[in-house]
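What follows is a set of notes on a single structure, which appears directly below.
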Amino acid sequence: MKKTNSDDNNIIYYIVGKNIKKYRELKGLTQVQLADMCSLSYGFISDLESNTFRTISLNTMYLIAKKLEIHPKQLLDDLDK
């Protein structure tokens, strides 16, 4: 996993990935289950959560948030809060 600091413009992908993992685990879902619910590949979810994937569309973020039953902005919440 790449290290990401707050000066890195890609930090948003780290934040989104970690929040997806957080809310997925709170719902008691595996990566495979979330991927199936969203019609996405397991690898895509895994890459998002492990900070190895550097792009995600707003549509996909919205879909994941909807399936996790959270507001999409929660995927953008700073992890330090």
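Here, residue 1 is the first one in the sequence, and each next residue gets the next number. Remember, it's a predicted structure, so these values are computed and weren't measured experimentally.
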query: Is there a path of hydrophobic side-chain contacts, each under 4.5 Å between heavy atoms of I, L, V, M, F, W or Y residues, that connects Met61 with Ile70?
result: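 In one cluster: yes.
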task: Run the numbers on Ile64 and Ile56 for side-chain contact (heavy atoms from CB on, under 4.5 Å), then give the verdict.
output: CA-CA 11 Å; Ile64 292 171; Ile56 183 172; 4.2 Å; yes
field: Non-neighbouring partners of Thr60 that pass side chain to side chain donor-acceptor pair (under 3.5 Å), sequence neighbours left out
entry: Ser57
- request: Identify, with sequence neighbours excluded, every residue that meets side chain to side chain donor-acceptor pair (under 3.5 Å) alongside Tyr23.
  value: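 Scan of Tyr23 (side chain to side chain donor-acceptor pair (under 3.5 Å), adjacent residues dropped) gives Gln74.
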- line: All heavy atoms of Ile20 vs all of Leu68, minimum pair found to be O-CD1, 4.1 Å
query: Which atom names give the shortest non-hydrogen contact between Thr55 and Leu48, and what distance separates them?
result: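 In this case the closest contact between Thr55 and Leu48 is O-CD2, 4.2 Å.
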Donor-acceptor contacts under 3.5 Å from residues 29-40 side chains, at least two apart:
{"residue": "Thr30", "atom": "OG1", "partner": "Val32", "partner atom": "N", "Å": "3.4"}
{"residue": "Thr30", "atom": "OG1", "partner": "Gln33", "partner atom": "N", "Å": "3.0"}
{"residue": "Thr30", "atom": "OG1", "partner": "Gln33", "partner atom": "OE1", "Å": "3.4"}
{"residue": "Gln31", "atom": "NE2", "partner": "Glu49", "partner atom": "OE1", "Å": "2.6"}
{"residue": "Gln33", "atom": "OE1", "partner": "Thr30", "partner atom": "N", "Å": "2.8"}

message: Name the residue from Ile11, Asn51, Leu76 that meets the side-chain contact (heavy atoms from CB on, under 4.5 Å) definition with Val16.
response: Leu76
message: Looking at Ser46, is its backbone amide N or carbonyl O close enough to the side chain of Ser50 to form a donor-acceptor pair, meaning the two atoms are under 3.5 Å apart?
response: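 At least one qualifying donor-acceptor pair exists.
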Under 3.5 Å donor-acceptor, Asp77 side chain and Asn19 backbone: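 No: the side chain of Asp77 does not pair with the backbone of Asn19.
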- request: Kindly write out the residues that satisfy ring pair (Phe, Tyr, Trp, His ring centres under 6.0 Å) with Tyr62, not counting sequence neighbours, or none if the list is empty.
  value: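 So Tyr62 forms no ring pair (Phe, Tyr, Trp, His ring centres under 6.0 Å) with any residue.
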- prompt: Who pairs with Lys66 by salt bridge (Lys or Arg N to Asp or Glu O under 4.0 Å), at least two apart in sequence or on another chain?
  reply: none
